[in-house]
Trainee: 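Here it is: the structure, laid out below.
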Amino acid sequence: TQNDFMVICNVAKILELVVPLMEHPSETFLATIEEDLMKLIIKYGMTVVQHCVSCLGAVVNKVTQNYKFVWACFNRYYGALSKLKSQHQEDPNSTILTANKPALLRSLFTVGALCRHFDFDQEDFKGNSKVNIKDKVLELLMYFTKHSDEEVQTKAIIGLGFAFIQHPSLMFEQEVKTLYNSILSDKNCSVNLKIQVLKNLQTYLQEEDTRMQQADRDWKKVAKQEDLKEMGDISSGMSSSIMQLYLKQVLEAFFHNQSSVRHFALNVIALTLNQGLIHPVQCVPYLIAMGTDPEPSMRNKADQQLVEIDKKYAGFIHMKAVAGMKMSYQVQQAINTCPKDPVRGFRHDESSSALCSHLYSMIRGNRQHRRAFLISLLNLFDDTAKTEVNMLLYIADNLACFPYQTQEEPLFIMHHIDITLSVSGSNLLQSFKESMVKDKKKERKPSSDEETESDSNSGSESESEEEASKPRRLRKRVDSDSDSDEENDINAVMKCLPENSAPLIEFANVSQGILLLLMLKQHLKNLCGFSDSKIQKYSPSESAKVYDKAINRKAGVHFHPKQTLDFLRSDMANSKITEEVKRSIVKQYLD
């Protein structure tokens with residue numbers, strides 16, 4: 001049963017730790033252990049094989065030096081692999097291979113496991129043969145990573161991972177780099193293979209860590225006689241170079257829709273950072289992005305890494321905060337299961353907190369950093385920034401739900417929204433007016449009933465620009481709130497729309513940023529219960545104390561920018577221009 005296997009594995013672990021410490025163990029005892037371990041390796045599954053090979057490594061390398069015994073076992077599996085390889089080369093579809101699949105899988109795994117614990121290139125194993133065993137093993141395992149059966153590929157990659165622990169330098173080989181990086185970066189590659197590559201890197205880093213700690217302990221024993229700390233530096237230099245090779249692809253694995261892939265990628269990055277193998281600044285935006293993961297354990301792990309980095313390097317988080325926000329939007333896009341629904345920037349639970357609330361709480365303590373961060377986010381809404389609408393919605397959601405503590409924070413945002421609107425907003429209206437068709441031949445203004453008739457051929461009939469901007473003045477009339485007037489306004493503008501509808505769509509797109517800012521300001525006003533005069537009076541240059549009062553948040557105030565949600569859901573940016581779409585854009589302009 002499963003329990004029996006657990007017992008076997010743990011007994012093997014005990015023997016692995018204890019046998020090297022025994023004084024004068026009897027020959028028969030050692031011989032029995034070796035034979036029993038070998039039987040288990042030949043007969044049982046992966047977990048047992050792993051533990052038994054590890055135990056055999058301790059017994060043979062540290063106590064019995066019975067290398068011939070291990071060499072024979074290695075050759076048995078290595079020979080089987082070579083034979084299966086040549087059969088596969090002759091005829092990839094041969095039935096012999098199908099029958100031999102279990103043997104193939106076992107050989108791939110066992111050859112790797114043996115290479116992890118024994119260095120077969122030592123003379124003790126291969127005698128005076130000139131063959132380079134590690135290169136031969138690499139070539140064999142690499143051959144099977146290109147197999148058509150995914151199970152075979154996975155086992156070959158597991159085998160490679162084992163071999164790399166004994167010989168990390170193999171990870172610099174071009175074919176290995178290509179294999180690992182293509183599996184990690186290929187969107188269509190199977191999830192199992194991605195996870196296995198990440199697991200290999202994770203195991204390698206964990207082993208390195210154990211080695212370093214052991215080296216440290218050994219060092220402390222002899223530290224009195226020695227005076228230079230040279231131990232461990234060579235191997236940490238190696239693992240640092242290795243992680244530089246694969247870092248980008250591992251980080252990109254954060255944008256995978258399967259949480260297991262993100263989970264292992266985060267583990268690898270955490271190990272790499274904890275061992276100080278890379279400069280942390282390049283990981284900051286990715287960690288900020290992972291802090292928005294739906295799974296609490298992953299969020300906490302990413303947030304924890306950021307806290308550690310912030311302790312050591314002040315200002316790094318702030319420096320990469322905006323990049324991190326943008327990246328977190330990409331992560332949310334990847335995770336989003338329903339592409340029809342726009343990506344939102346808050347948690348869909350009772351807290352409805354901002355996805356990036358941890359990031360904000362790390363920055364808000366420093367007034368200068370906080371203001372720079374908020375201004376950078378608001379600048380993305382500027383029509384010149386050309387940010388895509390869903391990302392603006394995502395950022396507006398975050399700004400609406402950040403954990404503000406003092407009145408200064410939302411007031412500062414509203415103050416800057418007003419500045420942005422006064423510039424961008426009027427530019428936008430101006431550019432819409434300019435796109436309207438200039439009058440070719442002066443026409444008399446049709447009366448309102450003609451207006452509705454001529455609506456159908458509105459494209460051809462042009463009207464003077466003056467008439468087009470008239471609706472704004474029309475509204476001053478006393479009865480202007482009646483529906484028919486609004487209709488007239490819409491119709492008057494509809495007449496002046498240009499033949500080419502690109503500027504219209506452009507306007508609809510760009511105006512979403514403006515609308516979101518208007519909605520955001522309104523939301524913050526409702527949330528914090530500010531009066532207009534309070535917002536008007538606020539000046540960012542005033543001393544901090546004036547606005548240090550805590551915010552009284554109103555309960556049940558939710559941010560729901562309906563117009564933008566409709567715009568995204570109807571996919572207006574890519575829709576065909578119909579009369580209806582034109583009307584809705586004109587209405588947007590008049591609003």
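Quick caveat, the model's predicted, so the values are computed rather than measured.
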Trainee: Would you say K312 has more than 12 foreign heavy atoms packed within less than 6.0 Å of its NZ?
Mentor: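 No, not enclosed.
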Trainee: Verify the distance criterion only: is there a donor paired with an acceptor across the side chains of N192 and Q196 at less than 3.5 Å?
Mentor: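 No, no side-chain donor-acceptor pair sits under 3.5 Å.
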Trainee: Can you list the residues that meet the salt bridge (charged side-chain N to carboxylate O under 4.0 Å, His left out) rule with K248, with sequence neighbours excluded?
Mentor: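 Checked K248 against salt bridge (charged side-chain N to carboxylate O under 4.0 Å, His left out); matches are E252.
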Trainee: side-chain hydrogen bond (donor to acceptor under 3.5 Å, both in side chains): which pairs involve residues 153-171, sequence neighbours left out?
Mentor: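 Applying side-chain hydrogen bond (donor to acceptor under 3.5 Å, both in side chains) to every pair that reaches into residues 153-171, excluding sequence neighbours, yields nothing.
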Trainee: Should the ring pair F162 and F109 be called parallel, tilted or perpendicular, given that the plane angle runs from 0 to 90° and is split at 30 and 60?
Mentor: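 Perpendicular, since the angle between the ring planes exceeds 60°.
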Trainee: Using the six-membered ring wherever Trp is involved, compare the ring planes of Y360 and F402 and label them parallel, tilted or perpendicular (cut-offs 30° and 60°).
Mentor: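 Parallel: the ring planes of Y360 and F402 meet at under 30°.
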Trainee: According to side chain to side chain contact (heavy atoms under 4.5 Å, CB included), who are the partners of D36, at least two apart in sequence or on a separate chain?
Mentor: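 If we apply the side chain to side chain contact (heavy atoms under 4.5 Å, CB included) test to D36, skipping adjacent residues, the hits are T32, K39.
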Trainee: Determine the minimum heavy-atom distance between R262 and M298, stating which atoms define it.
Mentor: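 Shortest heavy-atom separation between R262 and M298 comes out as CB-CE, 3.7 Å.
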Trainee: Could you check whether D303 pairs with R299 (Lys NZ or Arg NE/NH1/NH2 to Asp/Glu carboxylate O, under 4.0 Å)?
Mentor: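 Salt bridge flag = no for R299 with D303.
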Trainee: Which pair of heavy atoms, one from D310 and one from G315, lies closest together, and at what distance?
Mentor: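 Taking D310 first and G315 second, the nearest heavy atoms are OD1-N, 4.2 Å.
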Trainee: Show the nearest heavy-atom pair for residues V191 and S260, with the distance to one decimal.
Mentor: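 In terms of heavy atoms, the two residues are closest at CG1-OG, 4.3 Å.
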Trainee: Name the orientation class of the two ring planes belonging to F120 and W71 (parallel below 30°, tilted from 30 to 60°, perpendicular beyond 60°).
Mentor: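 Rings of F120 and W71: tilted, 30 to 60°.
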Trainee: Give me the atom names and distance for the closest heavy-atom approach of M362 to L306.
Mentor: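 Here M362 and L306 meet closest at CE-O, 3.6 Å.
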Trainee: Could I get the full list of side chain to side chain contact (heavy atoms under 4.5 Å, CB included) partners for N181, not counting sequence neighbours?
Mentor: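 N181 satisfies side chain to side chain contact (heavy atoms under 4.5 Å, CB included) with Y246, Q249 once adjacent residues are dropped.
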Trainee: Between the side chains of S239 and Q275, does any donor sit under 3.5 Å from an acceptor?
Mentor: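 No donor-acceptor contact under 3.5 Å links the two side chains.
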Trainee: Show every donor-acceptor pair shorter than 3.5 Å between a side-chain atom in residues 46-60 and any protein atom, with sequence neighbours excluded, or say none if there are none.
Mentor:
{"unit_1": "H51", "atom_1": "ND1", "unit_2": "T47", "atom_2": "O", "d": "3.0"}
{"unit_1": "S54", "atom_1": "OG", "unit_2": "E16", "atom_2": "OE1", "d": "3.0"}
{"unit_1": "S54", "atom_1": "OG", "unit_2": "E16", "atom_2": "OE2", "d": "3.1"}

Trainee: Ignoring hydrogens and angles, tell me if any N or O in the side chain of N200 forms a donor-acceptor pair with the backbone of I157 under 3.5 Å.
Mentor: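 Side chain of N200 to backbone of I157, a donor-acceptor pair under 3.5 Å: yes, one is there.
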Trainee: Sequence neighbours left out, what pairs pass side-chain hydrogen bond (donor to acceptor under 3.5 Å, both in side chains) with at least one residue falling in residues 389-403?
Mentor: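 Those involving residues 389-403 are S328-Y394, R344-D397.
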